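To start, the structure under review is shown below, and the notes come after it.
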Amino acid sequence: MRGIFITFEGGEGAGKSTQIRRLAAVLESYGLSVALTREPGGTPLAEAIRGLILTHEAASEDGLTQALLFAAARRDHVLRVIRPALSAGHVVLCDRFADSTRAYQGGKVPDAVLEQVIALGADGLVPDLTFLLDVNPELGLERARSRFTGVEDTFERSNLAFHREVRRRFHAIAASEPHRFIIIDASQDEAYVAESIRLAVRQRILAAPGAGA
């Protein structure tokens, strides 16, 4: 039995981590085994790379360097965590995956090159379902800064124009793969967003013929 791979995408302050935890609790109440993970991260190597990417003092401004670092972290993550969990029949919920690379490094790197880098990192793995938690950058950054407890990371420090472009790219990616993406209005309250996600998973994944197979 193969598990189900669900990813959560969106800009800063979209509420991905909160909604992943809420969905995990729902799925576990259905008797499913759930694995939670994140990108960059999920393994000791990937977490170390995360520190390099997100620590402003150490981060590179070069888009290709960023993409290559993300790809290295992703490949280790896929091989050591995600694929084994799917092979064991778990539902894997991941906070960001390859679409974040497309949204954040797109425009800095030629599309053909970026897709080659992504392919190396993802090792052919594509999510079964992706939630794009959509929120305008002004609100998202306000939320992110309201829970601020330390130093802003590399991307949080970027200007508003950058975050608007990231949002535009996420929408373009979602439009190109409507069978995989569900866009959720993340400006709504937390409970509304959680219920929208729960219903979508039941309709698109759990009710599908051969779900989890």
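We're numbering straight along the sequence, starting at 1. The structure presented is a predicted model; accordingly, all values stated were derived computationally and were not measured.
In plain terms, the two heavy atoms of Ala200 and Ile182 that are nearest each other are CB-CD1, 3.5 Å. The two residues Leu93 and Ile20 have their closest heavy-atom pair at CD1-O, 3.7 Å. The two atoms that bring Arg204 and Pro178 nearest to each other are NH2-O, 3.7 Å, heavy atoms only. Across all their heavy atoms, Ala24 and Leu36 have their closest contact at CB-CD2, 3.6 Å. Heavy-atom minimum distance, Gly121 versus Val78: O-CG2, 4.1 Å. Looking at every heavy atom in both residues, Ala174 comes nearest to Ile183 through CB-CD1, 4.0 Å.
In this structure, Arg50 contributes its side chain and Pro40 its backbone to a donor-acceptor pair below 3.5 Å. A donor-acceptor contact shorter than 3.5 Å is absent between the side chain of Thr55 and the backbone of Leu52. Of the possible polar contacts, none joining the Arg80 side chain to the Gly42 backbone as a donor-acceptor pair under 3.5 Å is found. In terms of modelled atom types and a separation under 3.5 Å, the side chain of Gln19 and the main chain of Ala194 share a donor-acceptor contact. Judged by distance alone, the side chain of Ser196 and the main-chain N or O of Tyr192 form a donor-acceptor pair under 3.5 Å.
Note on residues 63-75: pairs passing salt bridge (charged side-chain N to carboxylate O under 4.0 Å, His left out), not counting sequence neighbours, are Glu39-Arg74, Arg75-Asp123. Screening residues 105-124 for ring-ring contact (aromatic ring centres under 6.0 Å, His included) gives no qualifying pairs among residues at least two apart or on separate chains. Judged as a salt bridge (charged side-chain N to carboxylate O under 4.0 Å, His left out), the pairs with a partner in residues 13-27 (not counting sequence neighbours) are, in order, Arg22-Glu190.
With sequence neighbours excluded, the residues forming a ring-ring contact (aromatic ring centres under 6.0 Å, His included) with Phe8 are Phe131, listed by chain and number. Checked against side-chain hydrogen bond (donor to acceptor under 3.5 Å, both in side chains), Gln188 has the following partners two or more places apart in sequence or in another chain: Asp185. With sequence neighbours left out, Asp128 forms a side-chain hydrogen bond (donor to acceptor under 3.5 Å, both in side chains) with Arg2. Every residue meeting the side-chain contact (heavy atoms from CB on, under 4.5 Å) condition with Arg168, not counting sequence neighbours, appears here in chain and number order: Glu165. Under the side-chain hydrogen bond (donor to acceptor under 3.5 Å, both in side chains) criterion, Arg180 pairs with Asp99, Thr130, Glu177, not counting sequence neighbours. Residues meeting the side-chain hydrogen bond (donor to acceptor under 3.5 Å, both in side chains) test with Glu115, sequence neighbours left out: Arg102. In this structure Arg167 satisfies the side-chain contact (heavy atoms from CB on, under 4.5 Å) test together with Asp134, Asn136, Pro137, His171, sequence neighbours excluded. Under the rule for a salt bridge (Lys or Arg N to Asp or Glu O under 4.0 Å), Glu28 has no partner lying at least two apart in sequence or in another chain. Partners of Phe181 by ring-ring contact (aromatic ring centres under 6.0 Å, His included), not counting sequence neighbours: none found.
His90 and Ser33 share a side-chain donor-acceptor pair at under 3.5 Å.
Side-chain atoms of Glu9 and Leu133, non-hydrogen and from C-beta on, never get closer than 4.5 Å to each other. Inter-residue side-chain proximity for Cys94 and His77 is flagged as met; some heavy-atom pair is nearer than 4.5 Å. At a threshold of 4.5 Å between non-hydrogen side-chain atoms, the residues Glu138 and Leu160 count as touching. Counting heavy atoms from C-beta outward, Val201 and Leu27 have side chains that approach closer than 4.5 Å. The shortest side-chain heavy-atom distance between Ile197 and Ile184 falls under the 4.5 Å cut-off.
Annotation for Glu195: atom CD counts as buried by contact number, over 12 foreign heavy atoms lying within 6.0 Å. Atom CG of Asp111 has 12 or fewer heavy atoms from other residues, nucleotides or ligands within 6.0 Å.
For an aromatic pair to be called close, the ring centres must be under 6.0 Å apart, and Phe70 with Tyr104 fails this.
Linking ILVMFWY side-chain heavy atoms closer than 4.5 Å, directly or via other members, places Phe97 and Leu114 in two distinct hydrophobic clusters. Under a hydrophobic clustering in which Ile, Leu, Val, Met, Phe, Trp and Tyr are joined whenever their side-chain heavy atoms come within less than 4.5 Å, directly or via other members, Val109 and Ile53 fall into different clusters.
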